[in-house]
Q: 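My questions will all concern the structure given below.
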Amino acid sequence: SCSRAKDVTMPAKLPVNFFSTRSPVIDLFRGQLDYADHLRQDSEIVLYFFYAPWCGQSIAAREEIEHVASRLSDQVLFVAVNCWWNQGKCRKQKHFFYFPVIHLYHRSFGPIEYKGPMSAVYIEKFVRRVMTPLLYISSRSKLLDFLSNYEPGVVGYFEFNASPQPPGYLTFFTSALHSLKKDYLGTIRFGVITDKHVAEEISLVHSGSVYLHRHVNASLIYPNDIMNYTAENICKWALENREMLIRWLRPHGGKSLLLNNELKKGPALLIFIPYNPLAEIHPLLDEITKVALEYHNCNKSQAAEPDPQHLGDTDSPAFDSSVPDAHMKLSETFSITKYPCCNTVVLPQWHSISRTHNVCELCINQTLGVKPNKVHVPHCNFLEIEAALDSFYLQEHTFFQVISNTIECSNFLSFYSPFSYYTACCRTVNRHFLSFISSEKTIFQTPKVAFSSHGKKGNTQHSIPHIEDRNCFIPDLRISGTNITGLSCRTNKTLNLYLLDSNLFWIYAERLGASRSTHLKEFAAIVDLKEEVHYVLDQNQSLVGSSLENFIKNFSILYSPLKRHLVDDSSVHFHEQRVITEVTTNTFHDTVFSSEKNVLLLYYAQWCGFCASLNHIFIQLARLLPPDNFTVARIDITRNDLPWEFMTDRLPTILFFPHQRKEQSVKFPEDFSVNVPNLLKFILHHSSFSSSEPCTKECLHKETVLQQGHISHLEREIQKLRSEISALHKAHDQLEAQLSEARREEHKLQQQKHTLEKQHKTLQLHSEQLQATYDQKNQELLEMAEKLQELADASENLLKENTLLRILVAAREGKLQSKDEIKESLQSEKTLSEDNDIQISKATATLEEKRTDNTDTIETQHSSGNRTE
Amino acid sequence: AVAMLRSLGSLLCLWALQLPAPPAGTGVAARGLDVASYRERVRAMFYHAYEHYLENAFPYDELRPLTCDGQDTWGSFSLTLIDALDTLLILGNVSEFQRVVNVLQEGVDFDIDVNASVFETNIRVVGGLLSAHLLSKKAGIEVEVGWPCSGPLLRMAEEAARKLLPAFQTPTGMPYGTVNLLHGVNPGETPVTCTAGIGTFIVEFATLSHLTGDPVFEDVARKALKALWKNRSDIGLVGNHIDVITAKWVAQDAGIGAGVDSYFEYLVKGAILLQDKELMSMFLEYNKAIKNYTKFDDWYLWVQMYKGTVSMPVFQSLEAYWPGLQSLIGDVDNAMRTFLNYYTVWKQFGGLPEFYNIPQGYTVDKREGYPLRPELIESAMYLYRATRDPTLLELGRDAVESIEKISKVDCGFATIKDLRDHRLDNRMESFFLAETVKYLYLLFDPDNFIHNDGSVFDVVITPYGECVLNAGGYIFNTEAHPIDPAALHCCRKRKEEQWEVEDLMREFYSLKKNKKFILKRASDHGEGAKGPEDASSEKGGEKRNSRKSSHSLLSCPSQSFNSKLAVLGQVFLDNT
């Protein structure tokens with residue numbers, strides 16, 4: 001049975017339903033690909049979901065597909081096929097390296113593989129694109145909408161009046177579908193115009209012409225004469241020539257060099273916003289797009305092209321004219337204002353959920369001042385702004401209640417200087433309604449140049465009014481040109497702009513230091529891979545066009561005020577009882593430099609095996625060192641960035657910061673093994689002890705403190721020794737117990753030995769007796785053997801006699817024969833021979849008797865032999 | 001051979017081109033896996049297998065899940081029970097741990113006439129007993145006074161290890177592969193042993209030596225390691241099998257997988273456990289040769305050990321431990337890149353085939369099985385510690401789904417005999433409960449005591465003095481049995497150090513400095529030879545600068561800037 005059980009195998013379980021039977025998705029769980037193909041004939045749009053039932057990703061995507069199916073089931077056929085079941089057609093015909101695979105068909109066109117995020121909204125968006133790959137542009141305003149989108153747009157113009165379908169239309173339609181194959185993110189949008197007048201807006205005259213819209217560079221018309229008019233070519237042409245002012249980054253989750261390739265191009269601005277692809281409008285995205293357009297807009301006079309931006313402005317309602325635009329215009333108009341220095345201040349919000357802010361523009365007005373040397377200094381002194389802020393702070397109740405769309409201004413005196421006053425103008429702003437434009441209150445829209453951030457300690461929280469932009473006006477026109485328009489061409493620190501959906505990729509934002517607590521997942525950071533730095537847009541500022549602009553500007557100017565962002569591990573909780581102090585980026589300075597103690601700092605990382613195995617040594621050390629004078633601390637360097645001068649390239653690294661000479665930190669030499677004695681020696685060697693100078697009172701005091709420390713240390717030691725002694729006692733008791741146990745056992749053994757010896761003796765006696773009987777028997781046997789030998793000898797003799805007799809008989813017979821011949825002469829001898837005959841027969845008889853006797857004795861010998869054995 | 005290499009290279013390129021295709025998993029990643037629910041599913045998996053073993057197979061070594069009975073495989077030690085013991089504690093089941101400790105003490109006997117694999121007995125039995133011994137206080141067992149330097153489980157481990165010692169009595173010091181537990185090495189035993197069978201002892205044996213005070217175990221383990229080192233090829237590689245009498249290589253395939261794997265693993269883990277530079281420098285030399293000759297496009301192939309020519313363009317399931325090992329020494333970028341390659345293989349089959357032909361992108365004949373091995377999950381656990389990349393949790397999710405869907409049967413979990421059709425085999429290896437389930441659980445349980453970063457610890461009073469224990473940094477042996485590195489400093493050597501420390505502490509409380517303080521230079525042998533190399537710290541510093549080594553061998557590089565963004569499959573190129 002053993003060998004049989006070894007060979008027991010079991011075929012894979014039969015496939016079962018993957019989707020529930022009530023699901024709008026048709027589940028071909030036996031992999032009936034032929035049936036799947038058959039189903040396709042009945043429906044215009046089909047989505048195939050090829051899955052493997054064991055695959056985690058397929059299981060996770062199942063819900064998403066069901067969700068999409070429930071929304072689109074009336075227009076799209078959803079077919080799920082088990083492409084793993086090895087008896088199924090699908091497995092036999094298709095060879096997938098991963099699951100699930102999603103294929104879409106638009107009638108006979110396909111398959112179009114969906115490679116986007118496995119998220120219902122993205123899938124639905126894509127399906128919808130496959131359903132209507134071409135957008136019908138019926139009017140001028142629709143055209144403007146279409147072209148003003150941040151994604152590149154391709155427009156075809158076809159006259160539908162004559163034939164049922166104008167030539168080239170089908171090709172154009174197919175190329176739209178084709179583009180979805182290549183460009184699964186669907187960044188290129190395809191539109192079609194049928195109206196002649198609308199087409200004229202973009203100078204399309206001939207039916208069949210295809211137009212690629214570009215915002216910054218000149219737009220293009222498909223060169224029919226150079227390239228063949230095929231779907232593939234149009235698609236390729238559009239992909240090659242499209243403008244990518246701002247790109248979505250959507251890592252697919254598998255191994256990829258996407259970020260590597262993009263970030264290696266140069267510094268990048270990564271903007272994280274929550275994005276719903278199905279939403280009708282994306283106000284925030286539009287705002288960011290405009291910033292991007294401005295940034296790349298190097299040649300403002302594009303006379304040749306109708307500027308959709310401009311058209312859009314005239315067409316759409318007022319709020320569409322967004323901040324950057326206003327900025328630009330206003331900065332031209334009011335390049336010199338009478339207020340020399342202003343700053344935006346955001347007032348605390350009532351609720352953090354509220355999407356409104358009270359924003360005040362705080363300006364320092366020194367026209368009344370009698371500080372002649374300062375009047376003409378255009379710089380907005382940081383101290384002044386701080387002072388103004390403080391004064392403003394005290395007045396804040398005045399503005400606190402304001403919820404108004406009009407701007408209210410008031411002046412108030414400085415608390416620090418009676419000669420200057422401040423002006424504050426406040427209003428409530430809505431994120432979606434950032435219409436700051438106000439003809440007279442120009443104070444809002446002063447051209448801005450940053451001055452270095454004042455690096456307020458602690459984090460500016462929502463509850464405190466804070467300086468928003470930290471800008472002030474310098475009437476230097478050259479620098480005031482640092483508005484964002486076309487900045488990308490004027491700076492040598494050109495940024496590439498990228499968008500990431502924070503619903504999917506928030507983890508990257510967290511990695512760059514986005515706070516985990518915010519529920520609003522908006523974040524912007526500039527990453528410079530080459531310089532190994534990144535800057536972060538203050539998360540307390542709302543992510544709007546203007547803040548982004550300032551961020552970009554601050555990055556671009558020569559002496560950038562941006563500070564390298566240091567990511568801090570906020571998850572560290574402070575335990576008072578911890579023997580080792582856990583240091584983070586934020587607490588680094590306080591713990592190491594500000595403290596009055598000698599500090600031993602360990603740089604470590606959780607994953608580094610060499611660090612983790614030293615834990616116990618540092619714990620021992622921290623328990624030994626007098627806590628009044630020493631801190632043993634550590635910092636997880638993978639989760640906490642430090643200023644360059646404190647970075648280290650190997651882990652673990654041990655630094656010692658002696659009290660009073662913190663700047664002269666020393667590194668524990670790497671050649672020496674890390675153990676408690678070595679660390680103590682290292683600390684002793686470098687710690688600052690008062691040298692052997694003549695003793696003053698202070699010194700005496702010190703000594704007493706020290707000695708007290710020593711005493712308590714010794715007391716601790718004594719405690720330890722006591723417990724050690726008790727441990728030893730216990731061990732001793734245990735040993736004692738074991739010993740007595742052993743003794744008892746020894747005793748028992750001895751007794752056993754005695755009894756065994758007795759038994760041994762009796763056994764010996766027994767064996768002696770046996771030996772004696774054995775000898776006796778042996779003797780008997782020997783005798784027997786002798787007798788037998790005799791018998792054997794006797795029988796041998798008899799045998800010899802026998803043969804002798806036979807020879808004699810033979811001789812006699814021969815003689816008798818010869819006697820017959822001479823009968824008469826030997827008559828007398830006849831009687832004699834008869835006598836002889838009788839004698840012979842007698843002898844043979846006795847001989848036979850002896851023989852039987854002989855076998856008998858042999859038999860008895862055998863049986864006796866058995867017995868002796 | 002060169003031509004072959006080139007064609008292979010182009011094949012690999014083709015393969016690499018296929019790579020950017022995988023589907024976007026980010027939808028799930030973004031919403032986050034429900035870690036807690038997966039953790040509970042892993043727990044349920046454990047008990048499904050464990051209870052069926054107890055019911056149907058104990059006291060045999062392993063459960064046969066299809067026939068629902070038991071069999072002896074590696075000896076006759078109730079192997080699955082020993083192997084699963086510390087998993088019980090990691091799952092938090094203290095009472096069952098205590099019960100099993102009693103059962104083992106009564107039931108397991110090593111005085112048996114059984115031919116046992118030296119390697120397997122060491123990693124599963126000795127390792128399992130040692131880790132259970134070291135964890136027994138945590139499990140609430142009332143330990144002896146001398147613990148951790150004495151205890152019933154330690155004595156069992158020592159007994160088992162002593163049964164293996166006869167195998168090491170060879171001219172080279174490299175052990176035989178098989179030993180009879182009663183009679184020692186059988187006459188006529190084959191002298192051919194695989195490399196891993198020679199170099200996978202230092203973790204268990206050094207621990208034993210440090211705890212019991214008998215240096216014989218560590219000595220034989222070191223001698224075997226050195227013998228392998230001495231017999232490496234000119235280009236710095238070791239083969240697959242060697243004759244332990246003549247030291248001739250019998251199988252000359254060099255790679256990182258089957259037959260070699262845990263040798264490299266133990267060089268690193270031994271270096272960490274014993275703070276031993278010599279072991280680490282050996283590994284670093286091998287690592288260079290491995291990168292030079294076997295690494296292609298983040299895959300590791302098999303090459304001829306003397307010539308360096310590719311012999312098998314194959315990825316083995318067992319090789320998947322490598323990224324985890326790399327992360328321990330700080331090579332996280334490379335680890336992640338290789339891990340992502342291996343993960344694509346999992347996605348293709350729902351498991352890792354024993355052999356996977358890389359250029360063909362398919363399984364290799366006769367090597368299509370997946371015996372529920374832990375290696376890829378092990379790497380995911382280590383890498384998750386380092387990167388917190390949700391991709392790693394996704395592998396965990398995939399593993400749970402696959403194993404439950406494919407290999408769960410009424411009586412346990414069955415080995416997958418063929419990944420192409422998911423046919424099952426009548427076996428559940430003991431490493432399923434010892435390793436696969438343990439690593440899965442630890443992946444989904446970031447707050448487990450095993451992940452302790454040193455913020456909590458225990459203080460134990462032993463007859464040798466006070467001792468800090470359970471401060472994290474556990475070293476897993478190659479069968480996933482955790483060893484507390486702090487325990488190695490608790491026993492016999494503790495006393496000498498304490499007096500030295502006490503002398504030094506006196507200095508802290510005196511105002512005048514009396515002495516120059518001399519640091520002890522780390523010697524090659526951990527705490528071995530010392531003396532002549534001593535120097536004052538400053539002089540040492542100067543010397544160090546003038547010498548070639550720019551950094552300590554026992555350290556990791558800190559991570560580069562772009563590692564911040566190296567998650568969700570993103571890899572960066574230049575920092576190697």
Side-chain angles (χ1 to χ4, degrees), chain A residues 5 8-12 54 56-57 60 86 97-98 116-119 251-256 259-260 504 507-508 511 532 606-610 612-613 615-616 619-620 637-638 649-651 669-673 676-678 680-681 684-685 692 703 706 710 720 723-724 727-728 730-731 734, chain B residues 22 24-28 30 66-67 145 272 327-328 330 340 347-348 350 385-386 397-398 401-402 405-406 421-424 426 453-454 457 461 463 466 468 471-473 485-486 500-501 504 509 512 517 519 521-522 540-541 544 551-552 554-556 558-559 561 564-565 568-570 572-573:
Chain A
V8 168
T9 63
M10 195 169 90
W54 46 262
Q57 190 64 29
N86 64 329
F97 280 91
Y98 55 84
M118 282 297 159
S119 145
H252 53 58
K255 188 179 182 181
S256 125
L259 287 182
N260 177 70
L504 300 176
I507 185 170
Y508 293 112
R511 290 304 171 103
E532 305 200 338
Q606 254 192 41
W607 43 265
C608 174
F610 303 107
S613 61
N615 284 344
H616 65 104
I619 290 166
Q620 276 179 44
I637 208 67
T638 35
D649 58 343
R650 304 296 300 186
L651 303 170
E670 282 156 342
D671 276 13
F672 296 95
S673 54
V676 178
N678 271 356
L680 285 175
K681 284 176 201 164
L684 276 172
H685 187 81
S692 52
E703 174 134 18
L706 211 58
H710 195 186
K720 263 196 233 168
S723 48
E724 205 180 307
L728 280 170
K730 269 189 217 158
Q734 197 177 311
Chain B
T26 43
V28 187
L66 299 186
T67 45
V145 185
I272 293 172
S327 88
L328 265 185
L340 289 166
K347 284 177 176 164
Q348 193 180 346
R385 266 191 203 173
R397 172 202 67 189
D398 288 359
E401 300 288 357
S402 273
K405 285 257 160 42
I406 301 164
D421 61 2
H422 290 175
R423 169 172 291 274
L424 299 179
N426 192 14
D453 63 351
F457 57 91
I461 306 285
E466 189 188 85
V468 171
E500 195 182 355
V501 166
L504 288 165
Y509 293 105
K512 289 168 195 168
F517 297 98
L519 290 184
R521 190 179 287 278
R544 189 187 68 235
H551 57 75
S552 166
L554 300 177
S555 69
C556 310
S558 50
Q559 279 183 282
F561 173 74
K564 285 187 200 304
L565 296 171
L568 297 182
Q570 292 305 306
F572 289 86
L573 279 185

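Protein chains get the first letters and strands the later ones, always in sequence-line order, with residue 1 at the start of each.
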Q: Counting only non-hydrogen atoms closer than 4.5 Å, does I507(A) touch chain B with its backbone (N, CA, C, O), its side chain (CB onward), both, or neither?
A: side chain
Q: Starting at CG of L424(B), measure out to CE of M10(A) and round the result to the nearest 0.5 Å.
A: 4.5 Å
Q: Out of I637(A), L728(A), I619(A), V676(A), which one racks up the most heavy-atom pairs below 4.5 Å with chain B?
A: I619(A)
Q: How many angstroms lie between OG in S555(B) and CZ in R650(A), if you round to the nearest 0.5 Å?
A: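 Answer for the OG-CZ pair, S555(B) versus R650(A), is 3.5 Å.
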Q: Counting only non-hydrogen atoms closer than 4.5 Å, does S327(B) touch chain A with its backbone (N, CA, C, O), its side chain (CB onward), both, or neither?
A: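 Contact with chain A involves the backbone of S327(B) alone.
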Q: List the atom of E466(B), the atom of E724(A), and the distance in Å for their closest heavy-atom pair.
A: N-OE1, 4.5 Å
Q: As an exercise, state the distance from SG of C608(A) to CZ of R385(B), rounded to the nearest 0.5 Å.
A: 11.5 Å
Q: Can you name the nearest heavy-atom pair linking L573(B) to N260(A), along with the distance?
A: N-OD1, 3.2 Å
Q: Quick one: closest heavy-atom pair of G473(B) and N615(A), and the distance?
A: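 Nearest heavy atoms, G473(B) then N615(A): N-ND2, 4.3 Å.
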Q: Would you name the heavy atoms of T9(A) and R423(B) that are closest together and state the gap between them?
A: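 That closest heavy-atom pairing would be OG1-NH1, 3.0 Å.
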Q: To the nearest 0.5 Å, what is the distance between CH2 (W54(A)) and NZ (K405(B))?
A: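 Answer rounded to 0.5 Å: 11.5 Å.
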Q: Quick one: pull up CD in E670(A) and CG in L554(B) and give me the separation to the nearest 0.5 Å.
A: 10.5 Å
Q: Other residues, nucleotides and ligands only: do more than 12 of their heavy atoms fall within 6.0 Å of NZ on K730(A)?
A: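 Incorrect, the count does not exceed 12.
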Q: Which one wins on heavy-atom pair count under 4.5 Å against chain B: L651(A), T638(A), N86(A), D649(A)?
A: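 Highest number of heavy-atom pairs under 4.5 Å: L651(A).
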Q: Which heavy atom of G330(B) sits nearest a heavy atom of W607(A), and at what distance?
A: CA-CZ3, 3.2 Å
Q: Select, from I461(B), I272(B), D398(B), the one with the greatest count of heavy-atom pairs under 4.5 Å involving chain A.
A: I272(B)
Q: Identify the two heavy atoms, one from P463(B) and one from A727(A), that lie closest to each other, and give their separation to 0.1 Å.
A: N-CB, 4.4 Å
Q: Would you mind telling me which of C556(B), S558(B), G569(B) has the largest number of heavy-atom pairs within less than 4.5 Å of chain A?
A: C556(B)
Q: Restricting to side-chain hydrogen bond (donor to acceptor under 3.5 Å, both in side chains), what partner residues turn up for H422(B), sequence neighbours left out?
A: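 By the side-chain hydrogen bond (donor to acceptor under 3.5 Å, both in side chains) rule, H422(B) matches W84(A).
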Q: Does P677(A) reach the side chain of L504(B), with side-chain heavy atoms less than 4.5 Å apart?
A: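 Yes, side chains in contact.
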Q: Please determine, among D421(B), L66(B), V145(B), the option with the most heavy-atom pairs under 4.5 Å with chain A.
A: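 Counting heavy-atom pairs under 4.5 Å, the top option is V145(B).
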Q: Could you tell me whether K564(B) and E532(A) make a salt bridge, using a distance below 4.0 angstrom between a side-chain N and a carboxylate O?
A: no
Q: State which residues pass side-chain hydrogen bond (donor to acceptor under 3.5 Å, both in side chains) with S256(A); sequence neighbours excluded, sorted by chain then number.
A: Q570(B)
